[in-house]
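If you're wondering where the values come from, they're calculated on a predicted model, not measured in any experiment. Just so you know, residue 1 is the first one in the sequence shown, and it goes up from there. Side chains are part of it too, since the values below use all heavy atoms of this structure and drop only hydrogens, waters and symmetry mates.
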Amino acid sequence: MKHSILNIFTYLAFTFVFISCSNDPTSTTIPDEPVVTVTSINIKTDKAKYAPGDAVSFTIDKLSENSTIRYKYLNTILSEQPLTATNWTWTPPSEDYRGYMVEIYKTVDNIETILGTTAIDISSDWTKFPRYGFLSKFGTLSDNQITSVLDNLKDYHINSLQYYDWGNKHHSPLKMNGGSPATTWLDIAGRTMSFNTIKTYIDKAHNSNIASMSYNLLYGAWSDYSNDGASTEWFLFNDQNHSIINKHDLPDSWQSDILVTNPANTAWQNYIFDKTNLIYQNLNFDGWHLDQLGGRGNVYDYNGNLVRVNETFTPFLQNLKQRFPNKKNMLNAVSQYGQAEILSAPVDVAYTEVWGPRDGYKDLADIIQENNTLSNNTLNTVLAAYMDYDKANGTGFFNTPGVLLTDAVIFAFGGVHLELGEHMLSKEYFPNDNLQIDGELKKVLYEYYDFLVGYQNLLRDGGTFNTPIITSGDGKINLKSWPPAYSNVSVIGKKVGNKQLIHLINFTNATSLNWRDTNGEQATPTKKTNMILNLQNNQNVTKVWYASPDFDGGASKELIFNQVGGNLVFKIPSLQYWGMIVVEY
């Protein structure tokens, strides 16, 4: 938990008082939880993720007397120890691909108060649970400036970065000076790039177990391509007489428009693979983040044959993997264009840049589930979904409710949102930093990413979505099964092993069901507290617990429950944006 917690509802074990033996679920009385005001402790770890067997180093900004550190896997307590210093280490269990929550708490008069939380990802491969960020500014930066950016991203547990537009020419990204990389070069927008900055970012990121992905189109060239040994025969054309090269227009002040090559042309593949190999020889990138430009209409190869561009993706990616078997690859499916072909190829992450008309919260969930199906449930999804898009034409701050509702939907369905870099992302041109994150959003996002990591084995590690029947026992909220609706709390169910998850996302005050919140006008949901819920259930329940990134830093709270007829009755303490109920059988 990275920010002050005021008016926190701490968990107090309570007992049911049975008023009658009827099957009326409201016949169960559950006391409300007490309100406690506390000062939080800021917990940080030294890495974004850890390999199995690694020790985790923690630091905190202040001590609290008579407090305890608690380590949890899901809601199971693994161990506890007294808090005696501002730094310490812990070695998690050796199992691979696990997420853990770490809590600092104290107990006064039998009331437990959470003072701070953080999360730990134990994963040997970052692509299992990608948490993708970006970098977009590679001018002359000091070591301290680079360290500051990476430390901030590490604190959000960002485990991989897209190096957006770091290169020189798309057909020859690493500018050479004789046999060595040039010291500086210009990118397509005319910005000065520094080789030392890029190299330092990569090396320092690796020190925090953050992977670095080299960004480049799979089929782009500048207008001076012939000077660098590329051939006109490798391009896509708007006509069958190869007289008009297909291109993506850019501002006149930029270095070039982007001319589109034919990904299926093996001579082009060999050429760009050689240029990529030159990158890998000089910069320790972990792989290639490939980009495309979406559907190109009717285009033809040099010989006049119609080319279906999406059908070129699979052979290109197959040959790329054969050339660089130890590097990671991912290809942006712009508006899902070519995603079926991309995810049938050897890629490591499903990546979608979301554009209209898929602007509803439901669309985000649908895209993630489409990617799950297309990858046979083997790849997790990153969504490039740009918030406050029109507002970013001016200056100001991101709208916190819009960001958090979008993240809640993406995270609840098992995806992750590409949004964090040197600044927060609002446009497809990543260097755009017109909008800033205010202090409130910055702090709350720490909690959301802690939650994403701490419960990744429920959120992102398999399971089957379903539709549990759950109602309000006290009328405090209106519940409606997904998709979302105005004036309702949306219910999303998923079965994971012996656990039934029930996500609650609060659209009660929503002014729009458009996730992009393009003008930054989404409203803050009204916080709901101490709500009695009735879940239709005929199975034997062993445990019910609750966690929310908006409540006690995501620390799990075990709930007292009762089965009244075919209803499981329990009370959840607080719902602002998003909460997760877990019923164990």
Taking the six-membered ring for Trp, are [X] and [Y] ring centroids under 6.0 Å apart?
| X | Y | result |
| --- | --- | --- |
| Tyr351 | Trp288 | no |
| Phe570 | Phe561 | no |
| Tyr201 | Trp166 | no |
| Phe134 | Tyr164 | no |
| Tyr132 | His289 | yes |
| Phe451 | Phe411 | no |
| Trp482 | Phe413 | yes |

Has the side chain of Asn372 got a donor or acceptor atom that lies under 3.5 Å from a matching backbone atom of Asn377?
-> no
Between the side chain of Lys480 and the main-chain N/O of Pro483, is any donor-acceptor distance below 3.5 Å?
->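 Yes, the answer is positive, given that a donor and an acceptor are paired below the 3.5 Å cut-off.
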Let me confirm one number: the [atom1]-[atom2] distance from [X] to [Y], rounded to the nearest 0.5 Å.
| X | Y | atom1 | atom2 | result |
| --- | --- | --- | --- | --- |
| Leu420 | Asn152 | CG | CG | 7.5 Å |
| Lys527 | Asn506 | NZ | CG | 11.5 Å |
| Ile581 | Tyr546 | CD1 | OH | 7.0 Å |
| Asn159 | Ser208 | CG | OG | 11.5 Å |
| Leu217 | Ile188 | CG | CD1 | 8.5 Å |
| Met330 | Ser160 | CE | OG | 6.5 Å |

No-hydrogen, no-angle side-chain donor-acceptor test under 3.5 Å, [X] and [Y]:
| X | Y | result |
| --- | --- | --- |
| Ser512 | Gln522 | no |
| Asp291 | Tyr215 | yes |
| Asp155 | Tyr449 | no |
| Ser142 | Asn144 | no |
| Asp286 | Ser212 | no |
| Glu341 | Asn310 | yes |

Shortest non-hydrogen separation from [X] to [Y] and the atoms involved:
| X | Y | answer |
| --- | --- | --- |
| Trp515 | Met387 | O-CE, 3.0 Å |
| Trp355 | Ser335 | CB-OG, 3.2 Å |
| Phe551 | Ser574 | CD1-CB, 3.7 Å |
| Asn457 | Val496 | O-CG1, 4.1 Å |
| Gly139 | Thr197 | O-OG1, 2.6 Å |

Is it true that Lys442 and Asp438 make a salt bridge, defined as a side-chain N closer than 4.0 Å to a carboxylate O?
->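 Not counted as a salt bridge, because no side-chain N and carboxylate O are separated by less than 4.0 Å.
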Does Lys247 come within less than 4.0 Å of Asp257, counting only side-chain N to carboxylate O?
->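 Counted as a salt bridge, because a side-chain N and a carboxylate O are separated by less than 4.0 Å.
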Check the pair Phe507, Val409 against side-chain contact (heavy atoms from CB on, under 4.5 Å), reporting the backbone distance first and the verdict last.
-> CA-CA 11 Å; Phe507 291 98; Val409 171; 4.1 Å; yes
For Lys137, which of Asp433, Asp187, Asp165 qualifies under salt bridge (charged side-chain N to carboxylate O under 4.0 Å, His left out)?
->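 That would be Asp433.
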Start with the C-alpha gap between Tyr163 and Phe138, add the side-chain angles, then the distance that decides, and say whether ring-ring contact (aromatic ring centres under 6.0 Å, His included) holds.
-> CA-CA 9 Å; Tyr163 285 55; Phe138 304 103; 5.7 Å; yes
Can Lys427 be said to sit on top of Tyr389's aromatic six-ring, NZ or CZ under 6.0 Å from centre and within 45° of the ring axis?
->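 Lys427 over Tyr389 ring: yes.
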Lys49 pairs by side chain to side chain contact (heavy atoms under 4.5 Å, CB included) with which of Lys154, Arg131, Lys128?
->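 Running side chain to side chain contact (heavy atoms under 4.5 Å, CB included) over Lys154, Arg131, Lys128 with Lys49 returns exactly one hit, Arg131.
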Is the number of heavy atoms from other residues, nucleotides or ligands within 6.0 Å of NZ (Lys495) greater than 12?
->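 Atom NZ in Lys495 is crowded, with more than 12 foreign heavy atoms closer than 6.0 Å.
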Counting only heavy atoms not in Leu186, do more than 12 fall under 6.0 Å of its CG?
->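 Atom CG in Leu186 is crowded, with more than 12 foreign heavy atoms closer than 6.0 Å.
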